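Sequence positions, counted from 1, serve as the residue numbers for this chain. Just so it is clear, the model here is predicted, and its values are computed rather than measured.
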Amino acid sequence: MKTKLFDNKLNIGKLGVLLFYLSITLELIIVIVDKSNYTNPIEGQLFRITFLLAAGKVLCTKYSIREWASMLLFGLLGFVSYRVTGRNEILRIVVFIAACKGTDMKKLLKYVFYMTTAGCVLLVILSVTGIYGRLSLETDFGRGYTQVRYCFGLGHPNALHCMFMMLVLLGLYLYNEKMKWYAYIILFAMNYALYLLTDSNTGMLITFCGIFGGAVVHYWKGIKGKKWIYVAGAAVFLFCVGFSILAANKEFAKPDYYIFQFNNPLIARVEAHLNGRIRDLYFGSIRCEGITDTWSLFSQPENDYYFDMGFVRVFYWYGIVPGSLFVLLNILLIRRFYKEKDGMGLVMLSVLSVYTVVEAHLVSVYIGRNYLLFLMGMYGGCLPGLCSDKEEHLWNALRFFGKMEKL
């Protein structure tokens, strides 16, 4: 009887993992299609399917009462956000992170890495062969002159370099410990060669920092256990969020609406290197979409304007309450990196924090292209009430030895 019950639980667990892989597969396909020139007319319906598949994984997984309480609390936040704004991303993310329990996340991340790489290579091949997709774009990219920049079927040169950056970071996260010194040289060379084609300054610089950070973590063995390095990573993240909030505050930015410039010397100096990203908040729409005047506790349906500044978009799209929780969860994730001595995870979060100041790649409806969400799923303990299996085992062991001492 016990063997049969064990087999049934095992089969249910396998079914849950299968459903989760199907959900992730569909999410990745949606990402690849979005990067192409094709407009997906049923994207919303596909997201509902990925949500239901992930929810199926949740139903096949055993959780503690505390974990269920945490999921219900965050799920309530997602439901409120959905009812107020019509956006279901928070609800989908909560279910996704909860579904990660009981899944070999390193194995899943390898699946994500190879499938995303294959999809991007396919788009490049289709573009180069002339079958489908633009090979390059010739236009003024906001720099005051016409350029020819290559996108190889991924829609925009910045998008091409961004996907390269994300795959490099994920590849480093998975294989950094096994890499040889010349692998970093090859990655640096590939990054620069792609930069000559895309002329994407931000993508090239962030990728460079990610590779350099990976090399430091690999060769400076003791750095992963240094508390100050994680404190520094948290400081970088908070600085990026803080700067974004100040840039969106018209009282601090002091925009001059007559000459479309900023009187604040800091904002004016930074904006000179950002190709209009801050300026778009103030002069890109009639309502000045994105500035703090358009923020509210849980946002509103009309807050659907697209601009590049990612952290600003979090507060503008989802509201001050979800935005504040987003900041807290990332700090808790950094704390978890410290406990697990996950130096490469810290590198990934830190460089992507800088990237998210000026680009909103991670702030979108696409779960499959935000690898930090996968790390949150891996370290479920970064969400209050969701302990990882490892942490649970450690707690049980401590309780066991405590009882032994009493005996």
- Task: May I ask you to decide if V80's main-chain N or O and R83's side chain share a donor-acceptor pair within less than 3.5 Å?
- Result: no
- Query: Has the side chain of Y192 got a donor or acceptor atom that lies under 3.5 Å from a matching backbone atom of F208?
  - Reply: no
- Query: Taking atom types as modelled and ignoring hydrogens, do the side chains of H161 and N191 form a donor-acceptor contact shorter than 3.5 angstrom?
  - Reply: yes
- Message: Applying side-chain contact (heavy atoms from CB on, under 4.5 Å), can you list everything that pairs with C162, at least two apart in sequence or on another chain?
- Response: M165, M166, Y355, H361
- Query: Regarding N303 and R87, is there a side-chain donor-to-acceptor distance under 3.5 Å anywhere?
  - Reply: no
- Message: Between E89 and Y318, do the side chains contain a donor N or O and an acceptor N or O under 3.5 Å apart?
- Response: yes
- Just by distance, with hydrogens left out, do D342 and Y230 show a side-chain donor and acceptor under 3.5 Å apart? no
- Query: Backbone N or O of M309 within a donor-acceptor pair of the R277 side chain at under 3.5 Å?
  - Reply: no
- Query: Which heavy atom in V314 sits nearest to a heavy atom in G323, and how many Å separate them?
  - Reply: CG1-CA, 3.8 Å
- Sequence neighbours excluded, every pair satisfying salt bridge (charged side-chain N to carboxylate O under 4.0 Å, His left out) that has a member inside residues 34-56: D34-R369
- Query: Do the rings of F20 and F96 sit parallel, tilted or perpendicular, given the 30° and 60° boundaries?
  - Reply: tilted
- Message: Between E27 and R92, does any side-chain N to carboxylate O distance fall below 4.0 Å?
- Response: yes
- Task: Look up atom CD in E251 and atom CG in D293, then write down how far apart they are to the nearest 0.5 Å.
- Result: 7.5 Å
- Query: Just by modelled atom types, is the D199 backbone N or O under 3.5 Å from a matching donor or acceptor in the Y150 side chain?
  - Reply: no
- Exercise: identify the closest heavy-atom pair between C209 and V351: CB-CG1, 4.0 Å
- Query: Which one of Y305, Y316, Y282 satisfies the side chain to side chain donor-acceptor pair (under 3.5 Å) criterion with E289?
  - Reply: Y316
- Counterpart residues, side-chain hydrogen bond (donor to acceptor under 3.5 Å, both in side chains), relative to E177 (two or more places apart): K224
- Main-chain N/O of W317 paired to S299 side chain as donor or acceptor, under 3.5 Å: yes
- Message: Under a 3.5 Å distance rule, please check whether T129 uses its side chain to pair with a backbone N or O of I125 as donor and acceptor.
- Response: yes
- Item | Presence of salt bridge, R149 and E138, under 4.0 angstrom | no
- Would you confirm whether T117, through its side chain, and F113, through its main-chain N or O, come within 3.5 Å as a donor-acceptor pair? yes
- Item | Interatomic spacing from CD1 in I320 to CG in L297 - rounded to 0.5 Å | 5.5 Å
- Side-chain donor/acceptor of S70 to backbone N/O of R66, under 3.5 Å: no
- Query: Parallel, tilted or perpendicular for F283 and F262, by the 30°/60° rule?
  - Reply: tilted
- Query: Counting only N and O atoms by type, is there a donor-acceptor contact under 3.5 Å from the side chain of D308 to the main-chain atoms of E359?
  - Reply: no
- Message: A quick test of your reading: do over 12 heavy atoms of other residues, nucleotides or ligands sit less than 6.0 Å from NZ of K178?
- Response: no
- Message: Taking Y38's backbone N and O only, do any of them form a donor-acceptor pair with S36's side chain (distance below 3.5 Å, no angle check)?
- Response: yes
- Query: Is the shortest side-chain N to carboxylate O distance from R279 to E271 below 4.0 Å?
  - Reply: yes
